[in-house]
Protein chains: 2
Amino acid sequence: MAKAAVRAKRSGKRDSAASRERILEAATREFAEKGYDGARVDEIADASGFNKNALYHYFGSKEKLFVAVLERAYATIRDRQSDLSIRDMDPEEGMRRLVEFTARVWVEMPEFNRLLASENLHEARHVRQSTEIPKMYNPLLETIRELLKRGVETGRFRDDIDAIDLYISISALSAHYISHRHTFEAIFQTKLLSPKRLQQRIDHAADMIVSYLRKEPG
Amino acid sequence: MAKAAVRAKRSGKRDSAASRERILEAATREFAEKGYDGARVDEIADASGFNKNALYHYFGSKEKLFVAVLERAYATIRDRQSDLSIRDMDPEEGMRRLVEFTARVWVEMPEFNRLLASENLHEARHVRQSTEIPKMYNPLLETIRELLKRGVETGRFRDDIDAIDLYISISALSAHYISHRHTFEAIFQTKLLSPKRLQQRIDHAADMIVSYLRKEPG
DNA sequence: ATCAGTTATCTAACTGGTTAGTTATTTTAT
DNA sequence: ATAAAATAACTAACCAGTTAGATAACTGAT
């Protein structure tokens with residue numbers, strides 16, 4: 001059993017909710033590190049400080065555990081995003097902040113990026129098993145719609161923009177850079193995650209989004 | 001043994017180059033479909049029509065086989081890209097074609113996208129083992145530099161653009177859309193790969209790149 | 001040309017370690 | 001007491017890699 005897990009267990013009495021949570025934390029780390037197929041149930045059990053059967057007691061199977069991990073990860077992202085108070089900002093400034101903010105989330109939560117990569121290799125088999133995830137309305141998308149609406153109203157944004165395409169592009173410009181940095185670094189022989197290089201990337205992404213939004217002069 | 005593989009074997013005598021190639025084809029399919037960890041050596045052997053030890057004879061290990069698969073996939077992409085004759089085009093038109101062309105490659109070679117996703121989950125461990133892949137200069141990057149240079153010279157493009165950032169963005173806008181379509185489809189409850197929707201995406205991506213490149217008026 | 005010796009190609013069966021999931025049992029809180 | 005929480009030991013299937021050997025192709029001497 002991992003030392004941190006032993007410590008966590010000693011500190012408390014039996015508490016099924018806390019046990020569930022500790023298992024989910026360990027599972028998130030393992031699945032994010034190795035992907036669904038690379039992850040090992042025994043490793044998760046050991047890292048969580050529980051016996052393997054505790055996992056089966058709480059989650060039923062490796063697949064269902066992964067579904068729970070994804071649900072928790074999506075919920076965490078959603079919570080982070082609802083912290084945003086940019087819906088009332090100037091549309092262009094708001095969009096720029098949105099790009100920066102989204103990029104920071106990818107940087108600070110690399111697990112989520114990796115879980116998504118693995119999940120898409122499985123054609124979202126587990127996300128589609130979840131009744132919770134599709135229900136989660138996406139506050140970021142709503143923010144985008146609101147900013148777009150006001151930008152168009154004030155005549156500064158072009159009026160033919162699809163919010164879903166824009167959402168995917170805002171995500172893509174930073175997520176792809178981060179998730180594919182290892183192969184890019186191998187090919188371009190350059191580091192992509194230094195603070196300076198990362199800031200350059202975020203500025204690039206924000207410039208790209210903002211210049212796209214602007215109405216052509218004339 | 002798979003039927004197609006049996007047919008392929010009957011048609012010819014012993015031919016190590018052809019055998020190697022047939023194994024690589026089967027391995028590419030298996031690794032792309034299931035990722036590195038999900039792929040099974042026995043499945044590849046069966047699909048190729050050879051005994052498992054033939055794979056070990058030619059490639060030594062599952063890892064080295066995967067490296068060979070990646071090298072072959074990168075080479076295929078490189079060959080496709082050198083077909084391009086857009087280096088001499090009008091810079092803006094050339095960039096637009098480049099975005100469209102790149103997107104079509106992702107659509108038509110979904111295996112490559114999936115191999116890259118799996119490989120990046122492994123932090124490019126196999127790509128870094130390859131001596132060939134880093135050596136492959138990227139003609140697409142050269143094309144971008146050439147178009148950028150001329151666009152800046154004629155005063156139509158802004159002059160602060162990093163070619164690598166632009167390359168990654170051109171890739172990202174279509175690759176991320178395609179590789180992450182399964183989770184996006186689950187969340188947005190919409191199909192993303194119909195011909196019409198795909199064309200919308202490509203237009204969106206091209207618009208975004210081109211509007212970014214244009215020098216701000218004034 | 002043909003045959004012996006040699007090497008490359010390919011096969012069948014096996015091995016040892018791993019892995020998801022199960023069963024039988026004990027411990028703890030109420 | 002008893003029900004929930006947790007454990008230890010087990011199982012059956014799987015899987016990467018190996019071993020030992022067979023068959024086909026090549027080489028050079030006759």
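Rounded to a whole Å, the CZ atom of F50(B) is 17 Å from the P atom of dA8(C). Atom pair I44(A):CD1 and dG21(C):C1' shows a separation of 14 Å (rounding to whole Å applied). If you take CZ of R22(A) and C1' of dA6(D), they are 12 Å apart, rounded to a whole angstrom. Nucleotide dA16(D) holds its C1' atom 13 Å from the CG atom of D37(B), rounded to whole Å. Spacing between atom OH of Y36(B) and atom P of dC15(D) amounts to 14 Å, rounded to whole angstrom units. Counting to the nearest Å, the P atom of dC10(C) and the CZ atom of F59(B) are 11 Å from each other. Distance Y58(B) OH to dT7(C) P: 17 Å, rounded to the nearest Å. Here the P atom of nucleotide dT9(C) and the CG atom of L55(B) are 14 Å apart, to the nearest Å.
Partners of F66(B) under the ring-ring contact (aromatic ring centres under 6.0 Å, His included) rule, at least two apart in sequence or in another chain, are F31(B), Y36(B), H126(B). Here H176(B) pairs with H180(B), F184(B) under the ring-ring contact (aromatic ring centres under 6.0 Å, His included) rule; sequence neighbours left out. Legend: residues meeting ring-ring contact (aromatic ring centres under 6.0 Å, His included) with Y56(B), ordered by chain and number and at least two apart, are absent. With sequence neighbours excluded, the residues satisfying side-chain hydrogen bond (donor to acceptor under 3.5 Å, both in side chains) with D160(B) are R158(B). Considering only residues two or more places apart in sequence or on other chains, F59(A) meets the ring-ring contact (aromatic ring centres under 6.0 Å, His included) condition with none of them.
For the pair R125(A) and E119(A), the salt-bridge criterion is not met [side-chain N within less than 4.0 Å of a carboxylate O].
DNA chain C is contacted by both H57(B) and D42(A); H57(B) maps to the nucleotide lying nearer its 5′ end (nearest heavy atom per residue).
For the OP1/OP2 pair of dG17(D) and a distance below 4.0 Å, the side-chain nitrogens and oxygens of S61(B) include no atom meeting the criterion. Distances shown here put every side-chain N or O of Y56(B) at or beyond 4.0 Å from the OP1 or OP2 atom of dC10(C).
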Check the interface with nucleotides 8-14 of chain D: list each N/O to N/O pair with the protein under 3.5 Å, or write none.
unit_1, atom_1, unit_2, atom_2, d
dA8(D), N7, N51(A), ND2, 3.0

